[in-house]
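A short write-up of the structure that comes next.
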Amino acid sequence: MKALVYRMGGLGDSLLVYPVLEIITRKGYEVTVWGNPEYFQLAEKSGFCKKSIFYEPADQFDRIIVFSKNRELLHNHKTIYVEPLPDKRIWIVKYYLKKLNFERESFSEKLKLPFSIEKSDKLCIIHPSSGSQKKNPEPNFFLQLEKFIENCGYKVLYISGPAEKYFNKALFKNSIYLEDITELTKTLLQASLYIGVDSGVSHLSSYLGIPSIVIFGPTDPVVWHPIGKNVTVIRDENCKPCFPNICTDRQCLRREKLIEKIKDLFQS
């Protein structure tokens, strides 16, 4: 049996459908993903899909799942359409599984890959940006955070990638640029701690099982929190999520409040 899953989107969006791929594969389907292949490399390596492509396949499929508002895409009697966004505050993964009648199915909360990487002692990787400036704290927050982390005995490494159009490399001295998803994964696996914003890299870190602190601002962590058991989400609970219509003052990303919350985590 063959199944096709359509999901276009960034790294985080792609990772959040991995549980669906895992479940369908476990049910005996050979799964092809039509999406951004660079973001589904890890699904192939973990055995969640057979291949990923960037074009409409010519093959015939026994089951088709489309994560899109476009009801004309791949339209036939075998196609199941899933709205990419839930209509209420529910974790996106649970929403997907509910729509597909997979609610009772289990899925891996840690991504298993066919390679192991030795951890670097007391290495903290920081991803200080995302594809949307609206979700990013001010750069000075990370410089203050870096001092605190180093005082706790960690070495700090900043990473950036193609999504960080506004990343100021000159501001962060110890930084590397990573574009290949496998190299990014191998770098993250070296970390004993990860800190980042609501981004695809943060989703990946959490899914890999790395102890992760993820900063949420205008986006809603109830809906968009990463997969993984070793992740701590921080945000100002007194400020309601407002993405994509961001308020002007962005109180949810106040530097002092975020530093205070991270210090509390280290002291607990």
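Owing to the predicted nature of the structure, the values given are computational and were not obtained by experimental measurement.
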More than 12 heavy atoms of other residues, nucleotides or ligands under 6.0 Å from [atom1] of [X]: yes or no?
X      : atom1 : answer
Lys122 : NZ    : yes
Phe115 : CZ    : yes
Asp121 : CG    : no

Can you tell me how far apart [atom1] ([X]) and [atom2] ([Y]) are? Round to the nearest 0.5 Å.
X      : Y      : atom1 : atom2 : value
Ile210 : Asn230 : CD1   : CG    : 9.5 Å
Leu253 : Asp236 : CG    : CG    : 9.0 Å
Ile215 : Ile234 : CD1   : CD1   : 4.5 Å
Leu189 : Thr185 : CG    : OG1   : 6.5 Å
Leu193 : Ile213 : CG    : CD1   : 5.0 Å
Ser175 : Leu157 : OG    : CG    : 8.0 Å

From CA spacing to verdict: side-chain contact (heavy atoms from CB on, under 4.5 Å), Val223, Ile90: CA-CA 5 Å; Val223 178; Ile90 179 176; over 6 Å; no
Sequence-distant partners of [X], side-chain contact (heavy atoms from CB on, under 4.5 Å), two or more places apart:
X      : value
Gln267 : Asp264
Asn70  : Ser68, Glu72, Leu73
Ser192 : Tyr154

Quick test of your reading: applying side-chain hydrogen bond (donor to acceptor under 3.5 Å, both in side chains), list the pairs with at least one residue in residues 6-21, sequence neighbours left out, ordered by first then second residue.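 Residue pairs passing side-chain hydrogen bond (donor to acceptor under 3.5 Å, both in side chains), neighbours aside: none found.
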Using the ring pair (Phe, Tyr, Trp, His ring centres under 6.0 Å) criterion, which residues pair with Phe48? Sequence neighbours excluded.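 Counting only residues at least two positions away or on another chain, Phe48 forms no ring pair (Phe, Tyr, Trp, His ring centres under 6.0 Å).
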Taking ring pair (Phe, Tyr, Trp, His ring centres under 6.0 Å) as the test, write out the residues that go with Phe54, two or more places apart.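 For Phe54, no residue satisfies ring pair (Phe, Tyr, Trp, His ring centres under 6.0 Å) once neighbours in sequence are set aside.
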Check each of Ile181, Leu15, Ile53, Val17 against Phe40 using the side chain to side chain contact (heavy atoms under 4.5 Å, CB included) test, and report the only one that passes.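 That would be Val17.
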Counting distance only, does the side-chain N/O of Asp180 pair as donor-acceptor with the main-chain N or O of Glu183 below 3.5 Å?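 Yes: the side chain of Asp180 pairs with the backbone of Glu183.
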Can you list the residues that meet the salt bridge (Lys or Arg N to Asp or Glu O under 4.0 Å) rule with [X], with sequence neighbours excluded?
X      : result
Lys78  : none
Glu44  : none
Asp220 : Arg89

Taking all non-hydrogen atoms of both residues into account, name the closest pair between [X] and [Y] and its distance.
X      : Y      : value
Glu146 : Tyr158 : OE1-OH, 2.9 Å
Tyr96  : Pro84  : OH-O, 3.3 Å
Phe216 : His225 : CZ-CA, 4.0 Å
Lys119 : Ala191 : NZ-O, 2.8 Å
Leu188 : Ile125 : CA-CD1, 3.9 Å
Val233 : Pro221 : CG1-CB, 3.7 Å

Between Phe61 and Tyr29, is a ring-ring contact (aromatic ring centres under 6.0 Å, His included) present by the stated rule, with each step listed? CA-CA 10 Å; Phe61 294 94; Tyr29 287 88; over 10 Å; no
Give the table of side-chain donor-acceptor pairs shorter than 3.5 Å for residues 98-114, with sequence neighbours excluded, one pair per line with atom names and distance.
| from | atom 1 | to | atom 2 | distance (Å) |
| --- | --- | --- | --- | --- |
| Glu105 | OE1 | Arg26 | NH2 | 3.2 |
| Glu105 | OE2 | Lys27 | NZ | 2.9 |
| Ser108 | OG | Glu22 | OE2 | 2.7 |

Are [Y] and [X] co-members of a hydrophobic cluster defined by side-chain heavy atoms under 4.5 Å apart?
X      : Y      : result
Leu184 : Leu123 : yes
Leu74  : Ile24  : no
Ile227 : Val222 : no
Ile23  : Val5   : yes
Met8   : Val33  : no

Heavy atoms, side chains only, cut-off 4.5 Å: are [X] and [Y] in contact?
X      : Y      : result
Ser199 : Asn136 : no
Trp34  : Leu4   : yes
Asn140 : Phe142 : no
Cys124 : Glu150 : no
Arg255 : Gln144 : yes
Ile117 : Thr187 : no
Ile80  : Ile64  : no
Pro137 : Val197 : yes

How far apart are the C-alpha atoms of Trp91 and Trp224, what are their side-chain angles, what is the distance that settles it, and do they pass the side-chain contact (heavy atoms from CB on, under 4.5 Å) test? CA-CA 6 Å; Trp91 186 32; Trp224 298 108; over 6 Å; no
Would you say [Y] and [X] are linked by a side-chain donor-acceptor pair, where the criterion is simply a distance under 3.5 Å?
X      : Y      : answer
Glu179 : Tyr177 : yes
Ser212 : Ser206 : no
Ser52  : Gln41  : no
His127 : Ser202 : no
Tyr95  : Glu83  : no

Could you please spell out the steps behind the side-chain contact (heavy atoms from CB on, under 4.5 Å) verdict for Lys257 and Lys261? CA-CA 6 Å; Lys257 189 71 173 180; Lys261 283 182 171 290; 4.1 Å; yes
Take Glu256 and Ile259 through the side-chain contact (heavy atoms from CB on, under 4.5 Å) test and state the conclusion after the steps. CA-CA 5 Å; Glu256 297 79 10; Ile259 290 291; 6.0 Å; no
Under the salt bridge (charged side-chain N to carboxylate O under 4.0 Å, His left out) definition, can you give me all pairs with a residue in residues 57-70, not counting sequence neighbours?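 Every pair satisfying salt bridge (charged side-chain N to carboxylate O under 4.0 Å, His left out) with a residue in residues 57-70: Lys2-Asp59.
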Quick one: side-chain hydrogen bond (donor to acceptor under 3.5 Å, both in side chains) partners of Thr219, sequence neighbours excluded?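 Once residues adjacent in sequence are excluded, the partners of Thr219 under the side-chain hydrogen bond (donor to acceptor under 3.5 Å, both in side chains) criterion are Asp198.
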